[in-house]
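Chain A is the first sequence line, chain B the second, and so forth, proteins listed ahead of strands; every chain is numbered from 1.
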Protein chains: 2
Amino acid sequence: MKPEERRNQLLDCAQMLFFSKGFEDTTMQDILASAGVSKGGFYHHFKSKDELLEGILNRFVEQTQTALRPVLEQEYPTWLDLYHAYFDVLRAQMSDGARARLPLFVMMFQDRNAALQQRMSDAIYIANLEIFAEVLQRGVRSGDLDLPDAEVAAGLALKIGTTHQDWMRKALRSTDLSELVTTGQKIDISLQLQGIAIDRMLGLPDGNTCIRADGFADDITAGIKDLLFDEDGQLK
Amino acid sequence: MKPEERRNQLLDCAQMLFFSKGFEDTTMQDILASAGVSKGGFYHHFKSKDELLEGILNRFVEQTQTALRPVLEQEYPTWLDLYHAYFDVLRAQMSDGARARLPLFVMMFQDRNAALQQRMSDAIYIANLEIFAEVLQRGVRSGDLDLPDAEVAAGLALKIGTTHQDWMRKALRSTDLSELVTTGQKIDISLQLQGIAIDRMLGLPDGNTCIRADGFADDITAGIKDLLFDEDGQLK
DNA sequence: TTTTGCAAACCGACCGCCGGTCTTTAAATA
DNA sequence: TATTTAAAGACCGGCGGTCGGTTTGCAAAA
């Protein structure tokens with residue numbers, strides 16, 4: 001098997017296991033069995049279990065960056081068009097990623113995956129920060145924005161854009177259907193409020209920043225329902 | 001030794017070790033040696049290493065809650081006075097906690113403590129959410145606020161109030177003094193911007209929400225400098 | 001075309017150490 | 001003295017990781 005191929009296979013297997021069982025609870029044996037490779041074979045390609053996680057994280061970071069970088073390289077009539085283009089791509093990324101592998105995506109937010117999810121968020125945060133800071137920097141230069149520090153503002157905006165995850169985690173802790181529905185609505189409200197918060201923080205008129213993709217909250221809620229409840233609406 | 005006493009001693013020892021070495025890298029042996037107790041002795045008081053961490057977290061949560069709860073129980077001329085009172089206490093808490101044991105506080109933000117720090121943040125977030133949501137709820141009832149959902153808004157505000165931590169982490173990764181100074185300034189700017197962001201998100205006039213305690217950023221920066229650099233300004 | 005040389009890929013027994021258990025002992029309390 | 005509580009420490013299974021040895025693939029030599 002070619003090195004590249006083997007590496008990717010190991011990353012794929014580990015990713016699935018980490019997301020479903022959690023990083024700590026996935027043993028090397030699990031990964032080796034799943035990939036059909038021996039310990040020696042594995043440690044030929046990766047230095048440690050942690051480096052494996054690092055590799056998984058890097059794939060996501062690269063994916064995010066290759067999606068977002070082109071936004072910076074196009075020409076736009078006004079700075080606001082650049083700004084909107086950035087969020088269009090971001091929204092598409094979020095929506096696609098979630099919809100494509102919903103069960104896996106949902107599982108990632110379980111409590112047992114807290115550490116893993118945190119490292120993932122951090123990685124993606126850093127991947128985004130550079131690019132979004134540049135977007136804001138251009139806004140400052142063009143006079144469309146007035147900020148004490150574009151990088152700090154960018155970091156703040158990105159953090160704001162993650163707050164719906166707290167409600168997703170809460171939704172995953174639901175003990176009955178009505179609680180899930182209530183929390184699901186909060187996911188949606190959170191996404192709306194995030195847009196408003198970023199607008200106001202940057203000093204833009206309400207409605208410029210849109211993070212809320214249509215049906216996103218509903219899809220997530222449905223995914224969580226499938227994970228937690230059976231057909232009768234009983235907790236699994 | 002009395003049970004309560006022993007428990008607290010174990011919590012104290014473990015807390016110091018977890019913060020300085022990280023949770024994963026602190027072994028039971030370390031804790032037992034530091035507390036001068038045997039395995040059997042320890043496991044008589046705690047069910048597991050994780051329950052020990054839980055205990056440490058709970059102490060912080062209780063500390064936060066006992067500081068903040070009284071704010072809700074007082075009478076105020078206007079809702080805004082309650083709002084200001086809340087942040088006065090929050091600011092005092094943050095400042096005191098940091099100043100009292102600066103080196104330990106700073107260490108907590110090292111990369112190796114990411115998981116620990118995350119659990120701590122989560123615990124304190126949840127402890128605060130309930131109380132701050134009630135503060136906002138009262139604002140909505142009194143007509144001083146107009147929000148789609150007080151709880152979601154409270155969560156968002158609390159998340160905004162943690163964004164300076166990202167810059168603290170970045171500061172801890174400084175490789176030279178000038179980088180540390182630059183990042184230290186970002187901590188301060190971040191604290192200012194946080195206040196503005198929360199104000200605007202809630203629809204209050206700028207300047208109502210103040211998270212930035214005088215000298216906080218400078219203290220932190222000094223603490224990090226002591227941790228990372230020797231007297232000549234060289235990286236340790 | 002066949003042989004040879006050799007590095008890359010792979011194997012799996014083995015290691016040290018970790019968190020946690022269990023049986024035993026000592027001290028306190030009644 | 002009888003009973004409960006606190007503490008001790010040898011011990012355990014299983015974890016992540018190592019290491020010496022084997023196989024494989026392929027280019028160069030014969």
Side-chain angles (χ1 to χ4, degrees), chain A residues 1-59 110-120, chain B residues 1-59 110-120:
Chain A
M1 209 168 201
K2 290 201 171 149
E4 189 94 348
E5 207 176 334
R6 193 44 115 195
R7 252 189 84 93
N8 275 321
Q9 184 214 5
L10 285 165
L11 287 170
D12 289 339
C13 290
Q15 180 172 317
M16 194 160 58
L17 286 165
F18 287 168
F19 281 11
S20 54
K21 302 182 60 173
F23 180 72
E24 299 287 347
D25 293 343
T26 300
T27 68
M28 291 310 296
Q29 286 304 331
D30 293 333
I31 299 166
L32 302 181
S34 158
V37 81
S38 70
K39 269 226 161 126
F42 172 85
Y43 279 98
H44 179 73
H45 294 283
F46 293 93
K47 267 167 62 183
S48 67
K49 187 185 178 187
D50 210 72
E51 196 189 273
L52 186 60
L53 176 56
E54 212 76 35
I56 293 170
L57 260 35
N58 276 338
R59 291 204 302 192
Q110 289 177 123
D111 280 347
R112 80 163 83 101
N113 278 327
L116 174 62
Q117 212 263 315
Q118 175 62 19
R119 289 186 70 165
M120 180 80 106
Chain B
M1 212 170 202
K2 290 198 172 153
E4 189 93 348
E5 207 176 335
R6 211 11 136 206
R7 251 190 85 93
N8 275 321
Q9 186 215 4
L10 286 166
L11 287 170
D12 290 338
C13 289
Q15 179 171 318
M16 195 162 57
L17 286 164
F18 287 168
F19 282 10
S20 54
K21 301 182 61 173
F23 179 73
E24 299 288 347
D25 294 342
T26 300
T27 68
M28 292 309 295
Q29 286 303 332
D30 292 333
I31 299 167
L32 302 180
S34 158
V37 82
S38 70
K39 271 228 161 121
F42 172 85
Y43 279 98
H44 178 74
H45 295 282
F46 292 94
K47 265 167 61 182
S48 66
K49 188 186 177 187
D50 211 71
E51 196 188 274
L52 187 60
L53 176 55
E54 213 74 35
I56 293 170
L57 260 35
N58 275 338
R59 291 205 300 194
Q110 290 178 121
D111 280 347
R112 80 162 83 101
N113 278 327
L116 174 61
Q117 212 262 314
Q118 176 61 18
R119 289 187 69 164
M120 181 80 107

Separation of [X] atom [atom1] from [N] atom [atom2], in whole Å?
X	N	atom1	atom2	value
L17(B)	dC18(C)	CG	P	13 Å
H45(B)	dG20(C)	NE2	P	16 Å
D25(A)	dG19(C)	CG	P	15 Å
E5(B)	dA6(D)	CD	C1'	13 Å
Q9(A)	dA9(C)	CD	C1'	13 Å
D30(B)	dC17(C)	CG	P	13 Å
K2(A)	dT24(D)	NZ	C1'	14 Å

| E54(B) side chain reached by F46(B) side chain, heavy atoms, under 4.5 Å |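 No, too far: nothing below the 4.5 Å cut-off.
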| said: For a 4.5 angstrom cut-off between non-hydrogen side-chain atoms, does I31(B) reach M28(B)? | reply: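 Touching, per the 4.5 Å side-chain cut-off.
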| query | Is a side-chain N or O of S34(B) found less than 3.5 angstrom from the main chain of D30(B), in a donor-acceptor match? | reply |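 Between the backbone of D30(B) and the side chain of S34(B) there is no qualifying donor-acceptor contact (under 3.5 Å).
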| task | Identify the two heavy atoms, one from A115(A) and one from A115(B), that lie closest to each other, and give their separation to 0.1 Å. | result |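 What the structure gives for the nearest pair is CB-CB, 4.5 Å.
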| Point-to-point distance, once rounded to the nearest 0.5 Å, from CD of Q15(A) to CG of L57(A) |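 The distance works out to 9.5 Å.
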| Taking only N and O in the side chain of H44(B), is any of them less than 4.0 Å away from OP1 or OP2 of dA6(D)? |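 Indeed, a polar side-chain atom of H44(B) lies that close.
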| request: Report yes if at least one side-chain N or O of R6(A) is closer than 4.0 Å to OP1 or OP2 of dA8(C); otherwise report no. | output: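 Looking at the OP1 and OP2 atoms of dA8(C), neither is under 4.0 Å from any side-chain N or O of R6(A).
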For nucleotides 24-30 of chain C, print each protein N/O atom paired with a nucleotide N/O atom at under 3.5 Å, atom names and distance only.
none

| field | Ionic contact status for R112(B) with E24(B), cut-off 4.0 Å | value |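 Looking at R112(B) together with E24(B), the answer is no, because their closest N to O distance does not fall below 4.0 Å.
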| said: Let's see if you can work this out: which of dC11(C), dA8(D), dA6(D) has an atom nearest to the side-chain heavy atoms of P3(B)? | reply: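 The listed nucleotide nearest to P3(B)'s side chain is dA6(D).
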| said: For a side chain to side chain contact (heavy atoms under 4.5 Å, CB included) check, start with the C-alpha distance between M120(B) and F18(B), then their side-chain angles and the critical distance, and finish with the verdict. | reply: CA-CA 12 Å; M120(B) 181 80 107; F18(B) 287 168; over 6 Å; no
| field | Sequence-aligned protein contact record of nucleotides 15-22 of chain D, with B where the base is within under 4.0 Å of a protein heavy atom and S where only the sugar-phosphate is | value | SBBB----
| said: Counting only heavy atoms from other residues, nucleotides and ligands, does the tally under 6.0 Å from CD of E4(A) exceed 12? | reply: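 No, not enclosed.
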| query | Only one of L53(B), L52(B), N113(B), I56(B) clears side chain to side chain contact (heavy atoms under 4.5 Å, CB included) with F23(B); which? | reply |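 Of the listed residues L53(B), L52(B), N113(B), I56(B), the side chain to side chain contact (heavy atoms under 4.5 Å, CB included) partner of F23(B) is L53(B).
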